[in-house]
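Structure record follows, encoded as structure tokens.
Residue indices begin at 1 and follow the sequence shown.
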Amino acid sequence: MTLRLIWLVAGCFCLCYGESKIRNTLLLVADDAGFEMGAYANKYVQTPNLDSLAKKSLIFNYAFTSASSCSPSRAQILTGLPSHQNGMYGLHQGVHHFNVFDSVKSLPNVLREHNVFTGIVGKKHVGPTENFKFDYEQTEEHHSINQIGRNITNMKLYVRKFLQQAKESNKPFFLVVAFHDPHRCGHITPQFGEFCERWGSGEIGMGTIPDWRPIYYDWRNLEVPYYLPDTEIVKQEIAAQYLTTSRLDQGVGLMLKELESFGFDKDTFVMYTSDNGPPFPGGRTNFYDAGIKEPMIIFSPENGVRRNQVTASMTSLLDIYPTVLDVFKITSNLTKLTGKTLLPLLTQEPPTNDEDAVFGSQNFHEVTMMYPMRMIRTRRFKVIHNLNHNSFFPIDQDLYTSPTFQEILNTTIEKKYLPWARDLKSYYLRDEWQMFDTKVDPMEKQNLVQKPKHKKLFETLKGRLFDWQMDTNDPWRCSPHGVLEETGIYKENPQCLTLGHESL
């Protein structure tokens, strides 16, 4: 099966709309959000602004991130390259200190060369600065992360300044608005609540965000997502997550109103998604679907496009980069990408092909969390390669202190019953190769690798995954049982040389 790798050459992925109405692009990015919105059939959480956007947009049911970690995911969006190819192996900030390679060019850098005015408001979380240089920046590099990522009034005012400058420049623009909601904050500022849901809520001592009207939820009336323990503690966490999601949703509404007030709603392409799955066990940092399956909504001001419709096309966040280039009709013959432009989906649903696939590559989250994984996910089947499978699956700091994980940990230590479809031992200890049928096993518990019925399919998917690693020059492609030699006498013919593990 030929991989869907695309050469960006002149005219190769340009939609022929005639005289296009699209002049600008707005990319809205949530932080650790899943499908907590009415448009994705969540009947509890109230997200009127996201739902309104969805009603006039194309809704994606099979969108996935290639990295279930913040900085690697944001780097993939802005470079079109998976983490092992762009160099953003883990988190960017503090002691983690990961950055993309010097040679990597991001969207703002490329777009600026084509006279596009670029800006970012909110969470940036990638580097180095020169590789991600926006014309207008208001991020955590200039403000506290809450003030620029959760204070939707501040964000609105900075977006207004950007739009004013864009109007005065008379240039097309690309703007990223990256919210910090509904990311956890309980391990750093527990006084604000586990999801910073109290911060700016108007409660005594919490301050007020003028444009936010908090929506409170009775945890006793909520359902627990399929991959989490069904306990009171988890439901209370879900209620807090939904509360902060109301701030995200109202922030989206504010940004769209600013767009409209400047008249840009009639010529701006809008995309909404999240960097990775929710910060719960099985979610963020995992390649289980709860960690990588993302909301995605695309609005086009063009006439005759699909609205309030659903696409089943297999989609990756790696597709955002070529899509934005396509919107601005920018072509290049220098970059080989995994992703594809999504613009054709706005006018026609392609035939369903069960062999279509997306790929995943993760190496770290925090610097201490060395657990590289590679993945291929078709419409139904998934294969995960856990390279460091002899180690325990790592737990990040903010998840560790969360009430949900502490309940799982303590009930396990005390050998008490927990209504969870998993158990902590199997969560920590994973086989080197995992294969799941996500249709009949959405919890991804039944590993099919050793099943004779699925042997041929497993080998096929395993081969496709390796081919993708080869095509994207993955330094880990020989791990963990071999050493990649690609210099000296192997320069013209790189090889994976055995470590002899099979004989031990």
Side-chain angles (χ1 to χ4, degrees), residues 21-31 33 37 39 46-57 77 107-108 111 116-124 134-140 142-182 200 208-215 244-274 295-302 307 320 324 327-328:
K21 288 184 178 181
I22 302 175
R23 177 175 167 84
N24 315 299
T25 297
L26 170 63
L27 174 60
L28 303 164
V29 183
D31 198 356
M37 51 192 293
Q46 298 180 46
T47 52
N49 297 287
L50 285 167
D51 297 346
S52 177
L53 176 62
K55 286 180 180 178
K56 59 183 181 181
S57 304
I77 290 172
L107 272 175
L111 294 176
V116 177
F117 186 57
T118 63
I120 182 170
V121 174
K123 186 174 180 177
K124 187 178 181 182
F134 292 82
D135 297 312
Y136 178 95
E137 295 194 20
Q138 298 294 337
T139 71
E140 73 277 8
H142 315 90
H143 310 270
S144 73
I145 186 60
N146 280 355
Q147 290 293 352
I148 198 60
R150 301 189 200 262
N151 188 331
I152 56 178
T153 297
N154 281 351
M155 297 178 75
K156 174 191 73 174
L157 296 176
Y158 285 121
V159 166
R160 183 177 298 171
K161 289 182 180 179
F162 170 85
L163 294 176
Q164 182 62 47
Q165 291 183 25
K167 186 175 182 179
E168 292 171 355
S169 74
N170 198 31
K171 294 180 180 180
F173 68 76
F174 171 69
L175 174 62
V176 179
V177 179
F179 300 90
H180 193 32
D181 285 323
T208 300
I209 299 172
D211 288 297
W212 180 33
R213 300 295 179 267
I215 300 175
T244 195
T245 297
S246 74
R247 185 166 53 206
L248 163 68
D249 176 74
Q250 291 169 38
V252 168
L254 288 175
M255 307 314 150
L256 296 178
K257 285 180 181 177
E258 289 299 313
L259 206 66
E260 183 179 3
S261 69
F262 281 88
F264 288 134
D265 57 313
K266 297 177 178 60
D267 60 5
T268 300
F269 183 79
V270 180
M271 305 180 74
Y272 169 82
T273 191
S274 178
M296 182 178 282
I297 300 170
I298 292 183
F299 165 80
S300 170
E302 294 283 352
R307 303 193 189 283
I320 292 176
V324 172
V327 167
F328 290 109

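- Residues forming a side-chain contact (heavy atoms from CB on, under 4.5 Å) with Glu260 (at least two apart in sequence, or on another chain): Asp265.
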Evaluate the criterion side-chain contact (heavy atoms from CB on, under 4.5 Å) for residue pair Lys161 and Val121; output intermediate values, then yes/no.
CA-CA 10 Å; Lys161 289 182 180 179; Val121 174; over 6 Å; no

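- When every heavy atom of Arg247 is checked against every heavy atom of Asp181, the shortest pair comes out as NE-OD2, 2.7 Å.
- Between the side chains of Trp212 and Thr153, no donor-acceptor pair is found at a separation under 3.5 Å.
- Classified by interplanar angle (parallel below 30°, tilted 30° to 60°, perpendicular above 60°), the ring pair Phe174/Phe328 is perpendicular.
- Rounded to the nearest 0.5 Å, atoms CG (Leu248) and CZ (Arg150) are 10.5 Å apart.
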Could you walk me through whether Asn151 and Asn146 satisfy the side-chain contact (heavy atoms from CB on, under 4.5 Å) test, starting with their C-alpha distance in whole Å, then the side-chain angles of each, then the deciding distance to 0.1 Å, before giving a yes or no?
CA-CA 6 Å; Asn151 188 331; Asn146 280 355; over 6 Å; no

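- Listed here is the closest heavy atom pair of Leu28 and Val270: CD1-CG1, 4.1 Å.
- Residues Leu111 and Val324 form a side-chain contact, since some pair of their non-hydrogen atoms from C-beta on lies under 4.5 Å apart.
- Under the side-chain contact (heavy atoms from CB on, under 4.5 Å) criterion, Ser52 pairs with no residue at all, not counting sequence neighbours.
- Within the 4.5 Å cutoff, no side-chain heavy atoms of Pro301 are placed close to those of Thr268.
- With Thr47 contributing its side chain and Met37 its backbone, the two residues share no donor-acceptor pair below 3.5 Å.
- Counting only heavy atoms from C-beta outward, the side chains of Ile320 and Met296 approach each other to under 4.5 Å.
- Remark: the backbone N or O of Thr118 is paired with a side-chain donor or acceptor of Asp135 at under 3.5 angstrom.
- Interatomic distance, Met271 CE to Ile298 CD1, rounded to the nearest 0.5 Å: 3.5 Å.
- Of all heavy-atom pairs between Glu140 and Lys123, the closest is OE1-CA, 3.4 Å.
- Closest heavy-atom contact between Ala33 and Pro182: CB-CD, 3.7 Å.
- When all heavy atoms of Ala39 and Ala54 are compared, the closest pair comes out as CB-CB, 3.6 Å.
- Using modelled atom types, no side-chain atom of Gln138 and backbone atom of Met155 make a donor-acceptor pair closer than 3.5 Å.
- Contact record, Pro172 with Asn24: CA-OD1, 3.3 Å, taken as the closest heavy-atom pair.
- Note that NZ of Lys124 and OG1 of Thr139 are 6.0 Å apart. Values are rounded to the nearest 0.5 Å.
- Here Leu26 contributes atom CG and Glu258 contributes atom CD; the two are 11.5 Å apart, rounded to the nearest 0.5 Å.
- Inspection of the Glu137 and His142 side chains reveals no N or O donor paired with an N or O acceptor under 3.5 Å.
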Take Val176 and Ile77 through the test side-chain contact (heavy atoms from CB on, under 4.5 Å) and record every step on the way to the result.
CA-CA 11 Å; Val176 179; Ile77 290 172; over 6 Å; no

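- Interatomic distance, Lys156 NZ to Leu163 CG, rounded to the nearest 0.5 Å: 12.5 Å.
- Judged by distance alone, with hydrogens and angles left aside, the side-chain atoms of Ser300 form no donor-acceptor pair with the main-chain N or O of Phe269 at under 3.5 Å.
- Between Phe299 and Tyr272, the distance separating the two ring centers is not shorter than 6.0 angstrom.
- Among Tyr136, Phe162, Phe134, the one residue that satisfies the ring pair (Phe, Tyr, Trp, His ring centres under 6.0 Å) test with Phe117 is Phe162.
- The distance from the OG1 atom of Thr244 to the CZ atom of Phe179 is 11.5 Å, given to the nearest 0.5 Å.
- A distance-only check finds a donor-acceptor pair linking the side chain of Gln250 to the backbone of Arg213 [under 3.5 Å].
- When atom types are taken as modelled, the side chain of Asp249 and the backbone of Asn49 share a donor-acceptor pair closer than 3.5 angstrom.
- Considering only heavy atoms from C-beta on, Arg23 stays 4.5 Å or farther from Phe264 through its side chain.
- The main-chain N or O of Pro295 is found under 3.5 Å from a side-chain atom of Thr273 such that the two form a donor-acceptor pair.
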